[in-house]
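To keep things clear, I will list the structure first and then write my remarks on it.
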Amino acid sequence: MKGETVGEAVLVMADDDTVATALEDLEGGREIPTDPPLTVAETIEFGHKVALVDHEAGETVRKYGEPIGEATDPIERGEWVHTHNCESARGRGDRAGADAGDGLSEADQT
Amino acid sequence: MDTFSGYRRPDGRVGVRNYVAVLPVSVSASPVASAVADDAGAWARATPHQMGTSQPEAGRERTRTVLAGIGRNPNVGAALVVALGTEDLDSEALADDIAASGKPVETLSVREAGGTRAARERGVDRLDALYDEIRDQPREDADASELVFAVECGGSDATSGIAANPAVGAAADALVEAGGAVCLSETPEFIGAEHVLAERCVDEETRERLLDRVDRREQLADLMGTDLRGAQPSPGNQAGGLTTIEEKSLGAVAKAGTTPVREVVDYGEAIPVGGGLTVMDSPGYDVESVVGKVAGGAQVAAFTTGRGSTTGNPIAPVIKVTGNPRTAERMASNMDVDVSGVLTGESIPAAGERVAATLLSVADGARTAAENRRLEEFAINERQPVELAEEP
């Protein structure tokens, strides 16, 4: 496997990643032996991501050593990172549409 | 890599199956095509689809390209083209196109036959006659370099980018090393990872073509005033831990391995045989994407899935590879290669060797899970008016 498994609990794909992938269902309070150790803040299911560092809103989230999106809210180390607090910066026709004010309603969108 | 045994066709290509394809030119001819193939036997494979009897010219050309490509695929030894009789798409010209590869091809018109019942009887007779021409053809030894290997993913989750896609990528690298061809598609799933592929393009022209195709797919979202987040990643992908299209793409492109991108082809267009990785511009919809690559000449596909897809194809065997241990267990009867051990320490090269070994045994005739269950989805990607309007 590429990347590094930590405590058989999470997988860190690259050195400068800001998130790690849960290799099993993680409960809140679980200690992960990263350096320094981190405490899982909430339930994080298998395959989902835990923050390795604090993120400010708007800050880039990195996995595979590459940007995978932006934090929409502040995310603390140990918290679950997913669609509720992280979003794509790509394919954002909604932003283009908002700028252009093209007036397409939700119903027009496919 | 090694050799496999297959069916050498008059045009020199080698098939891994020996089918008579039953190709309807429209939705109206599709039920008869399916019925005729069912009546004839498992060696007859229908490709029912939803394209109408009258399509705009560019759309019709797409349908023609795909059906001609399916007919020319080396897994097809002979073909029957089926029409209702009212279609704009010229079934005789399509049959000639396929026959140019040296294969026996016949046509069937439901109207000329005098309705569906008569067409069904006449169709089975024609299929039997076509099969008589190819049924005794023996398998002969062929080099792995004769293979065009399609790589696909569907029902992705976080394990796809960590285990299954890198394992398939390692097998893809081994095939290219052995002189074979690999084809990656699903252009929307390059968004956020296109720089990885662009760096590997053999020349500036290929690089620009690749980036242009990704840009077009991204702009389709702009044109519709919507964004990709609702569809990419899909709700299932999201449940599996994938948050954004960038994250999905970075995992998805791993299934193409690490070799240079030598060419970018259009949907359904011929994939160059031998020695390298080709990118096909296709939608992310996996059934259409697999069909595009089979129309391009791929004889075998590997399809990675984390959540558990069951998709197959009527013409090319589809090898299911999962890196999710729960899916490997729960959907064992639909999976061919379990690489979930990668999550607990199996190396990517070792998992890749198992995928490559399965590729060769399937090329040799071993049946995939999807073939055993006759899972044969077929759909042609329709060119949308919004796409056509955008073209110069």
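Keep in mind the model is a prediction, meaning the values are calculated, not measured. Numbered from 1 within each chain, the chains take letters A, B, ... in sequence-line order.
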Only one of A:Leu38, A:Val81, A:Thr18 passes side chain to side chain contact (heavy atoms under 4.5 Å, CB included) with A:Leu52; say which it is.
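For A:Leu52, the side chain to side chain contact (heavy atoms under 4.5 Å, CB included) test succeeds with only one of A:Leu38, A:Val81, A:Thr18, which is A:Leu38.
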With A:Trp80, which of A:Glu42, A:Lys49, A:Glu45 fulfils side chain to side chain contact (heavy atoms under 4.5 Å, CB included)?
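Going through A:Glu42, A:Lys49, A:Glu45 one by one, the side chain to side chain contact (heavy atoms under 4.5 Å, CB included) with A:Trp80 is satisfied by A:Glu42 alone.
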Please classify the contact between A:Thr21 and chain B as side chain, backbone, both or neither, with a heavy-atom cut-off of under 4.5 Å.
side chain
Looking at chain A, which one of B:Ala193, B:Gly341, B:Gly306, B:Gly251 has the largest number of heavy-atom pairs inside 4.5 Å, strictly under?
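Heavy-atom pairs under 4.5 Å are most numerous for B:Gly251.
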Give the minimum heavy-atom separation between A:Thr72 and A:His84, together with the two atoms involved.
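Nearest pair, atom of A:Thr72 first, then A:His84: OG1-O, 3.8 Å.
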Determine the interplanar angle of the A:His82 and A:His48 rings, folded into 0 to 90°, and report it as parallel if under 30°, tilted if 30 to 60°, perpendicular if over 60°.
perpendicular
Considering only heavy atoms, which portion of B:Ala239 lies under 4.5 Å from any heavy atom of chain A: side chain, backbone, both, or neither?
backbone
